[in-house]
Amino acid sequence: MKHVSYEEWLKYVENELSEKVREKYEEHLYSCDDCMEIYLTALEASETSFPGFSEDHFTDSIIADIQRYKEPVEPDAGKKQKFYQRAAFHYLIAAAMTILLMYTGVFQQLIGFTEEFERSSRPSITNELMNKTTNFIENVEKETREEQN
Ligand SMILES: [Zn+2]
């Protein structure tokens with residue numbers, strides 16, 4: 001297929017082409033950098049000349065979008081995400097605290113202190129915290145891998 005002219009791209013942007021032609025142009029667009037550039041120029045020109053698409057309107061619509069984003073439409077999905085973030089945050093703090101305390105030697109004193117009290121077979125708070133943190137990090141890593149696949 002030969003290249004698409006600027007005028008044609010302008011028509012495309014302003015929705016003045018038939019479905020068939022649109023599809024043909026779109027297909028060409030995916031494989032042609034030259035036309036992509038022309039298309040973007042046409043898009044820009046069309047946006048600035050759009051009636052009722054002034055900068056004020058644009059800003060207003062962005063603000064509306066942000067406000068909509070702040071109040072999630074799906075409360076369940078929002079809660080889930082927030083809980084996940086909160087859990088991650090707390091585990092990170094716990095992990096950071098563990099490392100910090102280990103470095104400063106406070107943990108050594110703390111372990112000796114708690115061991116005095118906990119000579120039972122129960123796993124120590126330290127081990128439990130370390131296990132939980134490790135498990136959590138492993139889960140996050142697994143999830144991240146799965147998302148990438
Ligand atoms: Zn082309």
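Fair warning: this is a prediction, and the values are worked out from it, not measured in the lab. All ligand and atom numbering here is 1-based and tracks the order in the structure. Computation of the quantities below employed the complete heavy-atom set of this structure, encompassing side-chain atoms and omitting hydrogens, waters and symmetry-equivalent molecules.
Scored by the ring-ring contact (aromatic ring centres under 6.0 Å, His included) test, Tyr12 finds Trp9, Tyr39 as partners (sequence neighbours excluded). With sequence neighbours excluded, the residues that form a side chain to side chain contact (heavy atoms under 4.5 Å, CB included) with Ser5 are Glu7, Glu8.
Note that CZ of Arg22 and CG of Asn15 are 4.5 Å apart. Values are rounded to the nearest 0.5 Å.
Take the Zn ion (ligand 1) and draw a sphere of radius 2.8 Å; the protein N/O/S atoms inside it number 4.
The environment of CD in Glu27 is sparse: at most 12 heavy-atom neighbours from other residues, nucleotides or ligands sit within 6.0 Å.
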For residues 28-38, which side-chain N or O atoms pair as donor and acceptor with protein atoms under 3.5 Å away, sequence neighbours left out?
{"residue": "Ser31", "atom": "OG", "partner": "His28", "partner atom": "O", "Å": "3.2"}

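Among all heavy-atom pairs drawn from Ala42 and Leu10, the shortest one is O-CD1, 3.5 Å.
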